[in-house]
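Worksheet for the structure shown next.
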Amino acid sequence: MFTGRREFFWKCLSVVFLSLCVITFFLGQVVKAETVKEVKIGNVLPLSGDIAPIGQVGKMAREMAVEEINAAGGIKSLGGAKLKMLYADSRGDPKIGATETEKLIVRDNVVVVTGCYQSTVTYAATAVAERYKVPFLVPVSVMDKITERGFKYTFRLAAKASWWARDQIRFIDAMGKKTGKKAKTLALIYENTDWGQSTAEGWRELAPKYGLKVVLDEPYPHAAPDLTPVVIKLKNSGADVALFVSYAADAILLTNTIAEMKVNCMAFIGSAGGHADPTYLKNTGENARYWFDVAEWESDIDPQSQEIAKKFYERYELHMPAEAVDVYAAMYVLANALERAASTDPEKIRDALAKTYITTGPAMVVPYEVIEFDESGQNPHASLVIVQIREVGGKLERVSVWPAAAAREGYEPIWPIPGWEQR
């Protein structure tokens with residue numbers, strides 16, 4: 001009997017011991033979650049070099065959103081952990097961007113990465129993140145191939161390049177049908193990196209389907225000091241519509257040279273980038289009047305957009321470009337995923353991003369109704385608007401004009417645009 005009692009005693013003690021171990025383990029997990037003070041986020045941007053201004057604007061948008069998120073209590077499922085932003089300068093170079101991404105992951109232990117603005121840099125950087133199984137949230141880089149490699153850790157908020165080309169060509173067709181003044185020929189002018197090349201591929205494929213003939217297909221070296229030869233070719237081509245892919249310095253130079261040489265087309269249409277850069281209108285002024293641009297966002301779309309654009313301007317004295325809006329929204333998408341993941345484990349963050357479905361809140365400053373990601377990591381709902389440089393209250397500004405549902409009240413596209421002799 002004594003032996004039986006002793007065995008019973010030891011069994012009870014074992015159960016108690018195991019119970020205490022289990023309780024201690026779970027308490028440890030709770031304490032661990034509650035003591036997470038920060039979530040490290042890596043950001044790879046062009047912070048020096050000729051396109052540094054847009055990199056700096058992207059940094060500004062990140063900082064504004066993160067300050068709001070942290071001020072609202074941080075990531076509550078992680079005990080109020082604050083988002084901590086770590087930045088690396090890609091200098092616009094894919095190799096440097098890839099190296100800096102690896103440093104952020106290995107040396108700095110970031111749990112997620114965002115960037116890189118330029119498609120070629122993002123293409124290289126996302127491959128590094130995929131290798132290390134760290135999620136990479138792409139706010140804006142448009143190269144189609146970024147989300148067409150079967151990657152599981154890459155997620156893109158913005159529309160891809162072929163969609164930009166699609167909506168530019170659709171706009172040209174719609175204006176011809178509406179006004180009876182149909183464009184028949186196109187000039188394609190684009191900077192000669194993957195961004196320009198991938199957009200041009202879309203133009204070439206779609207143009208014949210809409211009865212448009214390409215009469216000039218002209219790549220040019222990014223940051224060329226003189227684009228006069230390109231503009232001469234445009235003028236000699238007699239194209240009805242000229243389509244552009246340019247960074248800020250190129251967009252400014254092309255616009256001013258076209259005005260100087262008085263090149264007349266039915267329309268000049270940009271692809272955001274340099275044409276949406278805050279420095280563009282400052283350096284082109286009247287030369288940019290009536291130019292069109294395609295963008296994911298403009299501040300006149302809805303009250304929330306107007307409020308955020310106003311806040312950005314008051315803070316930085318810069319008009320908020322569409323790229324900055326994508327970045328701002330992406331920070332809220334990331335915060336949403338972290339809240340649901342309730343973890344700093346990159347794998348759990350990846351899974352949460354894959355299950356994203358957002359229809360309300362600050363992330364919905366974008367002009368579409370849903371943010372989610374398909375199996376490729378692409379947001380299938382990303383949509384675009386056409387804006388035109390118009391005079392409002394005595395000043396030139398970007399005005400949404402198409403499609404009609406996104407147009408500013410009282411404004412329709414001026415098509416074709418007046419020739420230089422009529423201005």
Checklist outcome for this item: Residues at least two apart in sequence or cross-chain that pass side chain to side chain contact (heavy atoms under 4.5 Å, CB included) with A382, listed by chain then number, are A159, W163, E296, Y368, N379

Next on the checklist: Please check: side-chain N/O of Q388 versus main-chain N/O of V399, any donor-acceptor pairing under 3.5 Å?
Outcome noted: no

Checklist entry - Does E347 CD have over 12 foreign heavy atoms under 6.0 Å away? => result yes

Next on the checklist: Y153: which residues meet the ring pair (Phe, Tyr, Trp, His ring centres under 6.0 Å) condition with it, sequence neighbours left out?
Outcome noted: none

Checklist entry - Closest approach of M331 and A65, non-hydrogen atoms and distance? => result CB-CB, 3.7 Å

Item to check | side chain to side chain contact (heavy atoms under 4.5 Å, CB included) against V215, all qualifying residues, sequence neighbours excluded | outcome: T185, K213, S237, A239

Checklist entry - Taking only residues two or more places apart in sequence, or in another chain, which ones meet S376 in a side-chain hydrogen bond (donor to acceptor under 3.5 Å, both in side chains)? => result D374

Checklist entry - E339: what forms a salt bridge (charged side-chain N to carboxylate O under 4.0 Å, His left out) with it, not counting sequence neighbours? => result none

Checklist outcome for this item: For S119 and V142 the tightest heavy-atom approach is OG-N, 3.1 Å

Checklist entry - Can you list every side chain to side chain donor-acceptor pair (under 3.5 Å) pair that touches residues 78-88, not counting sequence neighbours? => result E63-Y87

Next on the checklist: Would you call the rings of F244 and W291 parallel, tilted or perpendicular, taking 30° and 60° as the class edges?
Outcome noted: tilted

Item to check | Set of side-chain hydrogen bond (donor to acceptor under 3.5 Å, both in side chains) partners for R315, sequence neighbours left out | outcome: E67

Checklist entry - Between D144 and S162, is a side chain to side chain donor-acceptor pair (under 3.5 Å) present by the stated rule, with each step listed? => result CA-CA 7 Å; D144 284 36; S162 58; 2.7 Å; yes

Checklist entry - Considering only heavy atoms from C-beta outward, does the side chain of V294 approach that of V385 to under 4.5 Å? => result no

Checklist entry - What are the two closest non-hydrogen atoms of A337 and A352, and how far apart are they? => result O-CB, 3.3 Å

Item to check | Nearest-0.5 Å distance that lies between atom CE in M320 and atom CD1 in I308 | outcome: 6.5 Å

Checklist entry - For V245, what residues pass the side chain to side chain contact (heavy atoms under 4.5 Å, CB included) criterion, not counting sequence neighbours? => result Y190, E191, W195, T199, W203, S271

Could you go through residues 405-414 and list every donor-acceptor pair under 3.5 Å that involves a side-chain atom there, pairing it with any protein atom two or more places apart or in another chain?
{"unit_1": "R408", "atom_1": "NE", "unit_2": "D300", "atom_2": "OD2", "d": "2.8"}
{"unit_1": "R408", "atom_1": "NH1", "unit_2": "E397", "atom_2": "OE2", "d": "3.0"}
{"unit_1": "R408", "atom_1": "NH2", "unit_2": "D300", "atom_2": "OD2", "d": "3.1"}
{"unit_1": "R408", "atom_1": "NH2", "unit_2": "E397", "atom_2": "OE2", "d": "2.8"}
{"unit_1": "R408", "atom_1": "NH2", "unit_2": "R398", "atom_2": "O", "d": "3.4"}
{"unit_1": "E412", "atom_1": "OE1", "unit_2": "K178", "atom_2": "NZ", "d": "3.3"}

Next on the checklist: Using only atom types and a distance under 3.5 Å, with no angle test, would you say the side chain of Q168 pairs donor to acceptor with the backbone of G270?
Outcome noted: yes

Checklist entry - Under 6.0 Å between the ring centres of F312 and Y328? => result no

Item to check | P416 versus K181, closest heavy-atom pair with distance | outcome: CD-CD, 3.5 Å

Item to check | Any pair counted as side chain to side chain donor-acceptor pair (under 3.5 Å), so long as it reaches residues 351-365, sequence neighbours left out | outcome: R340-T356

Checklist outcome for this item: Contacts satisfying ring pair (Phe, Tyr, Trp, His ring centres under 6.0 Å) that involve residues 206-240 (not counting sequence neighbours) are H222-Y247

Item to check | Heavy-atom side-chain contact between D277 and I54 under 4.5 Å | outcome: yes

Checklist entry - Is a donor on one side and an acceptor on the other found under 3.5 Å between the side chain of N264 and the backbone of G419? => result no

Checklist entry - What heavy-atom pair brings S141 and C116 nearest, and what distance separates the two atoms? => result OG-N, 4.0 Å

Checklist entry - Would you call T122 and Y117 a side-chain contact if the rule is heavy atoms closer than 4.5 Å? => result no

Checklist entry - Do the side chain of D293 and the main chain of A272 share a donor and acceptor less than 3.5 angstrom apart? => result yes

Checklist entry - Under the salt bridge (Lys or Arg N to Asp or Glu O under 4.0 Å) rule, what pairs show up with a residue in residues 223-248, not counting sequence neighbours? => result E218-K233

Next on the checklist: Run the side chain to side chain contact (heavy atoms under 4.5 Å, CB included) test on R156 and K160 for me, step by step, so that the C-alpha distance in whole Å, both residues' side-chain angles and the decisive distance to 0.1 Å come before the verdict.
Outcome noted: CA-CA 9 Å; R156 175 165 52 192; K160 49 188 177 181; 3.3 Å; yes

Next on the checklist: With side-chain contact (heavy atoms from CB on, under 4.5 Å) as the test, pick out the partner of V138 among D326, T154, V113.
Outcome noted: T154

Checklist entry - Is there a donor-acceptor contact under 3.5 Å from the side chain of Q378 to the main chain of A158? => result yes

Next on the checklist: Closer than 3.5 angstrom, by distance alone: can the side chain of N43 be matched with the main-chain N or O of L86 as a donor-acceptor pair?
Outcome noted: yes

Item to check | Pair D108 + K40: basic N to acidic O under 4.0 Å | outcome: no

Next on the checklist: Consider side-chain contact (heavy atoms from CB on, under 4.5 Å). Of L234, I189, L253, which one does L227 pass it with?
Outcome noted: L253

Checklist entry - Charged N to carboxylate O under 4.0 angstrom, E314 versus K311? => result no

